[in-house]
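Single-structure report; data block below.
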Amino acid sequence: MWNDTAVTRMLGIKYPIIQAPMAGGPTTPELVATVSNVGGLGFLGAGYMSADSIRAAIRRIRELTDKPFGVNLFIPDKNIQLDNGIVNSMRHHLKTLGQFGEEIVDEIDSIPVGNTLGDDFDQQMEVILEERVPIFSFTFGCPTREEIEKLKERGIRVIGTATTVAEAMKLNRVSVDAIVAQGYEAGGHRGTFLGFDESSLIGTIALVPQIVDRVNVPVIASGGIMDGRGIVACLALGASAVQMGTAFLVSSESGAHPKYKKAVLNSRDTETVITTAFSGKPARGIRNAFITLMQEYEAPIPPYPIQNTLTRPMRNWAARQSNPEFMSLWAGQTSALSREASASEIVQRLIQETEQVLSSLAQ
Ligand SMILES: Cc1cc2nc3c(=O)[nH]c(=O)nc-3n(C[C@H](O)[C@H](O)[C@H](O)COP(=O)(O)O)c2cc1C
């Protein structure tokens, strides 16, 4: 059976379909629990959440499901330098971009950035350990072998994210249980942690088999997978599961802003770009006015997470105003294939389509 894979056996799930963690609101406890309840794996994107809200979300998920689920965090980069000149120039620039109003302009001027450099990561990790979440995944970095062992000792399965073969091999050396191979098509932030440049932008169809050949743990394909065709293709490449973000972003249980969902549902194949404008870290999203305006900015953009903090007042304003031109509309290259439905309908349709594709190939 196609759904009996190294990942489904290891994680105790029925289908090798993982709803990607999506930090910033889309992955509500309701979305996570629904996907897990229908036999996939729901994942909470907790990267931006405080330790207390992560704990509350985990408890809510546990009220809604007794099936395995995952929680995902961002590994902080300890080498980030705070350069006040670069920050002040960005504050000045952001204020000139939109009709933001006094309050937002003041907030852009005064929002503190010094305390955003990963100080709360240790507290977030404490919650993961104390709550003994069934599955933990991470992106943007690679913890030490000792840190991974600490999780495994508590019975937590650990999954890392790689965008190149070298990153996958590094994750393999620190003994993660499985590796997400994140292709160029993927929506949201690039997980790249061993130096980002054009050469680390490898498409899913190129990346998955090369990683499969070089590691001794199961590989989870991610990036541009929207339906049964994508699932069968990734299984054929040697993946033991798929991780899908954009497909679930538009589900009724997703917490994404209605205007954001609409932009994804109405998008075309050429509309997404990789930009550092919103957060300082390369991420794929639908092009809007902010991305275009930022192309004129010639000074350096502060690194993640400083730029992310600096654009927060603007993004919150855009959400309140329902103005998608200043929201981060993260989505993958296949966003045009997204379909509005409940998460359980999406998973059920994915299962049916996968079976149809497999039977038509067998004829
Ligand atoms: C809105 C959004 C937010 C995301 N946030 C996270 C995150 O918090 N952690 C993570 O590991 N991946 C995150 N990703 C990337 C996904 O894990 C995955 O690689 C991606 O969605 C796959 O591409 P697809 O969107 O074409 O399915 C995010 C993706 C999107 C679209």
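In listed order, ligands and their atoms are each counted from 1. Everything numeric in this text was worked out from a predicted model, so none of it was measured.
Just one of Phe193, Phe140, Phe278 meets the ring pair (Phe, Tyr, Trp, His ring centres under 6.0 Å) condition when paired with Tyr304; it is Phe140. For the side chain to side chain donor-acceptor pair (under 3.5 Å) with Thr204, the qualifying choice from Glu185, Gln333, Gln182 is Glu185, the only one to do so.
A donor and an acceptor atom, one from each side chain of Thr163 and Glu167, are located under 3.5 Å apart. Between Thr292 and Gln295, the side chains place no donor N or O within less than 3.5 Å of an acceptor N or O (distance only, hydrogens not considered). There is a side-chain donor-acceptor pair under 3.5 Å between Ser53 and Ser50. Side-chain atoms of Ser279 and His189 form a donor-acceptor pair, as typed in the model, at a separation below 3.5 Å. In this structure, a donor-acceptor pair under 3.5 Å is present between the side chains of Ser89 and Tyr297.
Atom numbering of ligand 1 starts at 1 in the shown order; those under 4.0 Å from a heavy atom of Met244 are 27 (O). Close approach of ligand 1 to Gln182 (heavy-atom distance below 4.0 Å) involves ligand atoms 15 (C), 19 (O). Listed by number with element, the atoms of ligand 1 under 4.0 Å from a non-hydrogen atom of Gly332 are 26 (O). Close approach of ligand 1 to Gly224 is summarised as follows: ligand atoms under 4.0 Å from at least one heavy atom of the residue are 23 (O), 24 (P), 26 (O).
Contacts with ligand 1 closer than 4.0 Å are made by side-chain heavy atoms of Thr139 only, the backbone lying farther away. In Phe74, the part holding a heavy atom less than 4.0 Å from any atom of ligand 1 is the side chain.
Of the protein's non-hydrogen atoms, the one nearest atom 18 (C) of ligand 1 is Ser222 OG, 3.3 Å. In terms of protein heavy-atom proximity, atom 16 (C) of ligand 1 is closest to Ala20 CB, 3.6 Å. Annotation: atom 1 (C) of ligand 1 to nearest protein heavy atom, Tyr260 OH, 3.3 Å. At the top of the distance list for atom 11 (O) of ligand 1, counting protein heavy atoms only, stands Asn72 ND2, 3.1 Å. Looking only at heavy atoms of the protein, atom 17 (O) of ligand 1 is closest to Gln243 NE2, 3.0 Å. Nearest protein heavy-atom neighbour of atom 4 (C) of ligand 1: Met22 CA, 3.5 Å. Among all protein heavy atoms, the one lying closest to atom 24 (P) of ligand 1 is Thr246 OG1, 3.6 Å.
Note on ligand 1: Pro21 sits in its first shell, one or more heavy atoms being nearer than 4.0 Å.
The option with the heavy atom closest to atom 29 (C) of ligand 1, from among Gly70, Gly187, Gly245, Gly24, is Gly187.
One distance of note links CD1 of Ile286 with CE of Met327; it measures 11.5 Å at 0.5 Å rounding.
The shortest heavy-atom contact between Ile13 and Gly39 is CB-O, 3.9 Å. Nearest heavy atom pair, residue Ile211 against residue Ala162, reads CD1-CB, 4.3 Å.
Any N or O atom pair closer than 3.5 Å counts here, and Pro26 shares no such pair with ligand 1.
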